[in-house]
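Data block below; observations after.
In this text, all values refer to a predicted model and were calculated from it rather than measured experimentally. Reminder, nothing fancy here: chain letters follow the sequence lines and each chain counts from 1.
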Protein chains: 2
Amino acid sequence: MDNLNQEREHLSVIDRYCENCNEETILKMANILKILGEPSRMKIVLALSYGELCVDHIVKCVNLSQSSVSHQLRILKDNQIIKFRKEKQNVIYYLYDDHIMEIINLVREHVEE
Amino acid sequence: MDNLNQEREHLSVIDRYCENCNEETILKMANILKILGEPSRMKIVLALSYGELCVDHIVKCVNLSQSSVSHQLRILKDNQIIKFRKEKQNVIYYLYDDHIMEIINLVREHVEE
DNA sequence: TGTAAATATGAACAAGCGTTCATATAATAA
DNA sequence: TTATTATATGAACGCTTGTTCATATTTACA
């Protein structure tokens, strides 16, 4: 491909990027991945991918301090990665929706190759 | 569901987590998402999702300093999110493989709902 | 060979953030 | 009501990391 054609190609790439990718969407996309992209949170989410759990069980499962787990649950909840319901003296957390599972599974595939 | 049954359920969730999620895999999964979960890098990857670009064009596209882009390209390259080839005095970057696109698209869907 | 253009790199600084520690709150049971 | 269990929260500390600035390197071309 000659210089001029490559230049044209690149310009059309830039155009498509500018048309389709607004700042706000980019920030939202990066944010979800940032939230999931932290080992402690990933552990919690992976645990919940097998079923709902109360806080105490999450703590035992992922082997982190109760306080740390609680802080991370808050962040996951605030970013709509998980939801919770109260039941007796327990708070039971579970994944927000199937999208989270899909993303997790895709990343798992990518890693396991 | 009574207490005992719930306890049993939770224990089986914990078991499945422990069987299937080894530390190394979790760290790898979190790492990829951490790399993508940063606005500057997300911008670069999104730009490249429309086609390959040389560094200078990436700089113009995502509106970051040349140095910053270069640093981030290195991180993306080291983590196998992108590849490059040299052509004349230019270095042309492009996505490493289709998995990256799939992840990006899934996240985009999630955000756009 | 020397100059300009394109890209990479290293050090330093600031900001973000995960963990810990101590403590608060909520809910149940006695 | 009091004690106990379960969970949440706030402050502080330390580490990580993205950006900038200055500069090095590489390649093409005159």
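- In this structure, A/Asn31 atom CG and C/dC17 atom P are separated by 9 Å, rounded to whole Å.
- Rounding to the nearest 0.5 angstrom, the gap separating the CD1 atom in A/Ile82 from the CZ atom in A/Arg41 is 11.0 Å.
- Atom-to-atom, CG of A/Asn90 to C1' of C/dA26 comes out at 12 Å; the value is rounded to the nearest Å.
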Q: Could you walk me through whether B/Asn90 and B/Asp56 pass side chain to side chain donor-acceptor pair (under 3.5 Å), step by step?
A: CA-CA 8 Å; B/Asn90 294 320; B/Asp56 192 44; over 6 Å; no
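- When each of D/dT7, D/dT17, C/dA8 is scored by its nearest atom to the side-chain atoms of B/Lys34, the top-ranked nucleotide is D/dT17.
- To the nearest 0.5 Å, atoms NE2 (B/His10) and CD1 (A/Ile58) are separated by 9.0 Å.
- Residue A/Tyr93 is classed as a sugar-phosphate contact, given heavy-atom separations below 4.0 Å to backbone atoms only.
- Counting only heavy atoms from C-beta on, A/Leu64 has its side chain closest to C/dT19 among D/dA28, C/dA27, C/dT19.
- With the nearest nucleotide of DNA chain C identified for both A/Val69 and B/Cys54, B/Cys54 has the one nearer the 5' end.
- No donor-acceptor contact under 3.5 Å links the side chain of A/Gln66 to the base of D/dA6.
- Taking only distance into account, the side chain of B/Ser67 meets the base of C/dT9 through a donor-acceptor pair shorter than 3.5 Å.
- You'll find the side chain of B/Leu53 reaches within 4.5 Å of the side chain of B/Leu48, heavy atoms only.
- Residue B/Leu73 contributes atom CG, which lies 15 Å from atom C1' of D/dT19 at whole-angstrom precision.
- Atom CG of B/Leu76 and atom P of C/dA8 are 12 Å apart (whole Å).
- The aromatic rings of A/Phe84 and A/Tyr93 sit tilted, their planes meeting at an angle between 30° and 60°.
- The base of D/dT20 sits with one of its N or O atoms less than 3.5 Å from a complementary donor or acceptor on the side chain of B/His71.
- Comparing atom distances between the B/Ser70 side chain and each of D/dG18, D/dT7, C/dT9 picks out C/dT9 as nearest.
- The base of C/dC21 is not paired with the side chain of A/Ser65 by any donor and acceptor separated by under 3.5 Å.
- When rounded to the nearest whole Å, the span between CD of B/Gln72 and P of D/dT20 equals 11 Å.
- B/Arg74 has its CZ atom 14 Å from the P atom of D/dT17, to the nearest Å.
- Residue B/Ile75 is in sugar-phosphate contact alone, with no base atom involved, counting any heavy-atom pair closer than 4.0 Å across all strands shown.
- When rounded to the nearest whole Å, the span between CG of B/Leu36 and P of D/dG18 equals 12 Å.
- Whole-Å rounding puts the B/His57 NE2 to C/dA6 P distance at 9 Å.
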